[in-house]
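The next block holds one structure in the form of structure tokens; read it before the comments.
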Number of protein chains: 2
Amino acid sequence: MGEPVPMVEIWRGDLLESLHSGHAVICGADGDILRAWGDPGTVIYPRSSCKMIQALPLVTSGAAAKYGLGSEQLALACASHNGAAIHTDRVSAWLDRLGLGDADFRCGPQEPADLSARDALIRAHERPCQVHNNCSGKHAGFLTLAAHMGAGPDYVEIDHPVQQAALAAFEDATGEDSPGYGIDGCSAPNFATTLHGLARAMARFASAHDRSDRASTAAAQLTGAMIAHPDLVAGEGRACTALMRAMEGRAAVKTGAEAVFTAILPEKRLGVAVKITDGATRASECAITAILAGLGVIDPASPAARAYLNAPLLNRRGMACGSIRPAAALG
Amino acid sequence: MGEPVPMVEIWRGDLLESLHSGHAVICGADGDILRAWGDPGTVIYPRSSCKMIQALPLVTSGAAAKYGLGSEQLALACASHNGAAIHTDRVSAWLDRLGLGDADFRCGPQEPADLSARDALIRAHERPCQVHNNCSGKHAGFLTLAAHMGAGPDYVEIDHPVQQAALAAFEDATGEDSPGYGIDGCSAPNFATTLHGLARAMARFASAHDRSDRASTAAAQLTGAMIAHPDLVAGEGRACTALMRAMEGRAAVKTGAEAVFTAILPEKRLGVAVKITDGATRASECAITAILAGLGVIDPASPAARAYLNAPLLNRRGMACGSIRPAAALG
């Protein structure tokens with residue numbers, strides 16, 4: 001990795017207690033870099049920040065239309081959700097319509113981040129299911145595509161037609177040959193790219209409504225679904241949901257594990273990608289908000305922006321002891 | 001802060017996905033630096049890694065003896081515990097003996113990290129109490145000292161005699177004037193020092209049994225209590241507990257928030273302090289283990305050491321997708 005730049009500061013009292021560095025790229029519709037921090041050539045795993053790319057074949061193949069998926073299902077295919085009832089009810093119903101059940105997933109179970117859903121499971125002495133996994137919407141999309149293709153059940157294997165379709169879509173969107181892949185927390189392959197490649201892909205999504213090819217039509221549809229359903233893409237208390245609500249259609253944003261964050265700005269036809277080197281989500285949330293504020297798509301004085309641009313560090317009596325702030329480079 | 005050095009690598013597949021940098025110091029009994037990584041002059045908050053220093057006045061004042069505290073209570077005074085029954089039962093009994101209750105704490109409530117304790121609360125529709133706060137043993141120590149001093153109830157205020165005693169003990173142990181303080185997650189003041197100062201304090205604890213002054217006797221007693229009760233200092237599944245068990249008395253170790261880690265090596269009369277710049281605990285756990293292995297006090301082939309020297313990154317089906325490893329500088 002090239003040299004990252006200081007991006008997010010953790011202050012407690014008068015002392016800079018911790019510091020997060022990273023890389024970021026803003027790309028235009030032509031794929032060229034408009035602005036960069038650190039090294040745009042840094043090779044990263046986008047993790048969940050590229051779920052909208054992984055969902056492209058679901059739409060371009062005709063599977064989404066054939067199975068009657070609406071914008072809610074497409075938003076869930078791009079989601080890292082909280083496992084709240086609004087998410088799991090919809091994913092379960094979707095599975096049901098495919099004639100499939102929880103055991104057909106390959107994502108593994110995960111305790112819901114949503115506290116009501118978590119506590120309900122604990123009180124019922126039930127263990128989390130695969131549908132509670134934050135990636136279950138993406139996996140429902142994979143299962144839909146596999147059904148459409150008539151392909152086998154092990155849809156997360158690298159040589160499965162679903163993953164080969166995801167790889168082709170990924171390389172097309174990023175404009176790069178992927179140098180390899182890692183296995184994600186949900187067992188699906190996650191393809192590597194440069195940060196520039198990821199920002200370029202986001203810019204292609206942002207400008208997709210200018211084009212009429214099948215991939216662009218699908219990209220515009222997925223972006224629209226994310227923007228239409230901020231609550232399905234993440235959930236209450238989450239950055240993606242709060243920021244998208246505050247931007248009122250001006251951007252779709254998506255977090256990924258290990259502090260990746262992407263943004264699609266359709267009105268400006270810009271794409272953004274951020275990677276904090278150390279993998280801390282508190283920092284990627286702050287950095288993407290600062291960049292979105294700099295681009296004028298979120299009001300830095302709005303409650304949602306302030307929650308990430310100057311997030312208070314609270315102690316366990318609820319008193320502010322410090323804050324999380326963008327470093328000078330992002331200011 | 002001075003320039004940190006790469007210390008811990010996060011690998012997924014064949015790619016270095018994330019990287020943690022930091023500072024570390026090993027000090028001898030004379031307070032001199034034996035070895036350093038990064039900048040030993042970096043000013044930090046030790047956070048919970050200095051609880052054994054904060055507990056010194058409890059012993060040196062005679063309060064611990066007067067109230068009949070044994071090694072279990074002293075270990076809990078130095079603990080960041082899981083809020084399991086073995087911790088909360090003992091802290092509650094201690095409070096009871098002081099004629100005090102949960103409302104006398106000033107640490108705030110915290111959901112227990114121990115899953116059995118957490119689930120029992122949720123099933124009983126009860127909210128966590130202050131005794132569940134990972135710092136409740138430290139606060140029981142503060143309350144004991146306040147009772148001994150006949151001081152007021154607001155024992156976390158900076159001008160309270162308990163905190164002024166903690167400051168004096170801190171400056172004496174670190175050999176430095178503290179440049180200031182922040183408010184910790186548990187509402188107590190946390191005094192700043194250089195990483196060298198923190199390592200020097202740990203070396204004084206490590207060599208305390210060579211001296212007979214009151215502070216040294218107290219330091220030896222607290223170190224002995226931590227070593228005697230690894231399960232009380234943290235809990236099952238936690239690095240402090242696992243590493244101390246594996247080292248069989250050769251070291252006391254203590255984690256602190258924002259990725260500080262300290263170690264006291266009585267046989268070698270050495271003190272160690274680590275700060276990962278970005279505040280990630282997964283990295284401080286790996287770094288301290290690598291340093292302890294380098295010092296020969298933990299067998300790198302032991303299960304406990306391997307769990308932190310080459311911790312697998314598991315996906316939600318339990319499959320290894322990568323690992324957390326020390327960088328070359330610590331190898």
Side-chain angles (χ1 to χ4, degrees), chain A residues 1 4 8 10-21 43-45 47 106-110 115 118-119 122-123 125 128 130 133-135 156 179-190 192 257-259 275-280 282-283 313-322, chain B residues 1 4 8 10-21 43-45 47 106-110 115 118-119 122-123 125 128 130 133-135 156 179-190 192 257-259 275-280 282-283 313-322:
Chain A
M1 288 193 266
V8 176
I10 310 296
W11 287 84
R12 182 174 300 267
D14 296 327
L15 185 68
L16 178 63
E17 184 171 23
S18 298
L19 181 66
H20 300 277
S21 299
V43 176
I44 65 157
Y45 293 125
R47 305 296 297 276
R106 295 291 181 270
C107 49
Q110 180 186 15
L115 294 184
R118 181 197 73 171
D119 292 358
I122 290 169
R123 288 181 184 132
H125 289 82
Q130 298 194 80
N133 187 308
N134 79 84
C135 303
V156 295
Y181 69 97
I183 300 300
D184 211 331
C186 69
S187 296
N190 195 260
E258 295 293 330
K275 162 73 182 180
I276 301 295
T277 304
D278 59 67
R282 66 180 180 183
L313 290 174
L314 301 177
N315 69 15
R316 296 202 169 85
R317 294 158 82 196
M319 296 148 54
C321 308
Chain B
M1 289 192 263
V8 176
I10 310 296
W11 287 84
R12 181 175 300 266
D14 296 328
L15 184 69
L16 178 63
E17 183 171 24
S18 298
L19 181 67
H20 300 279
S21 298
V43 176
I44 65 158
Y45 293 125
R47 307 294 298 275
R106 294 291 182 270
C107 49
Q110 180 185 16
L115 294 184
R118 180 197 73 171
D119 292 357
I122 290 169
R123 287 179 184 136
H125 289 82
Q130 298 194 79
N133 186 307
N134 78 84
C135 303
V156 295
Y181 68 97
I183 301 299
D184 211 331
C186 70
S187 296
N190 194 261
E258 295 293 331
K275 163 74 181 178
I276 300 294
T277 304
D278 59 66
R282 66 180 180 184
L313 289 175
L314 301 178
N315 69 14
R316 297 203 167 86
R317 293 157 83 195
M319 295 148 55
C321 310

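The model shown is predicted, which means the values in this text are computed figures rather than measured ones. Sequence lines set the chain letters: A, B, ... in the order given, protein chains first and strands last, and positions in each chain run from 1.
- Looking at B:Val43 and A:Leu15, their side chains come closer than 4.5 Å, going by heavy atoms from C-beta outward.
- Considering OH of A:Tyr45 and CG of B:Leu16, their distance stands at 10.0 Å, rounded to 0.5 Å.
- Put simply, of B:Arg106, B:Gln110, B:His20, B:Arg123, the one with the most heavy-atom pairs under 4.5 Å next to chain A is B:Arg123.
- When each of B:Gly322, B:Cys186, B:Cys107, B:Ser21 is scored by its heavy-atom pairs under 4.5 Å with chain A, the top score falls to B:Cys107.
- Here the side chains of B:Arg317 and A:Val156 are in contact, with some heavy-atom distance below 4.5 Å.
- Nearest heavy atoms, B:Ser187 versus A:Met319: OG-SD, 4.4 Å.
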Decide side-chain contact (heavy atoms from CB on, under 4.5 Å) for A:Ile122 and B:Arg118; before the verdict, give the C-alpha distance in whole Å, the side-chain angles of both, and the deciding distance to 0.1 Å. CA-CA 10 Å; A:Ile122 290 169; B:Arg118 180 197 73 171; 3.4 Å; yes
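- In this structure, the side chains of A:Ile183 and B:Asn315 come closer than 4.5 Å at one or more pairs of heavy atoms.
- For A:Asp119, the parts sitting under 4.5 Å from any heavy atom of chain B are the backbone and the side chain alike.
- Applying the side-chain hydrogen bond (donor to acceptor under 3.5 Å, both in side chains) test to B:Gln130 and every residue at least two apart in sequence or in another chain returns nothing.
- Between B:Ser18 and A:Lys275 there is a side-chain heavy-atom pair separated by less than 4.5 Å.
- Between chain A and the options B:Asp184, B:Asp14, B:Leu313, heavy-atom pairs under 4.5 Å are most frequent for B:Asp184.
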Derivation and outcome, side-chain contact (heavy atoms from CB on, under 4.5 Å), residues A:Arg316 and B:Asn134: CA-CA 11 Å; A:Arg316 296 202 169 85; B:Asn134 78 84; 3.6 Å; yes
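- Heavy-atom distances place the side chain of B:Arg47, and not its backbone, under 4.5 Å from chain A.
- Partners of A:Arg12 under the side-chain hydrogen bond (donor to acceptor under 3.5 Å, both in side chains) rule, at least two apart in sequence or in another chain, are A:Glu17.
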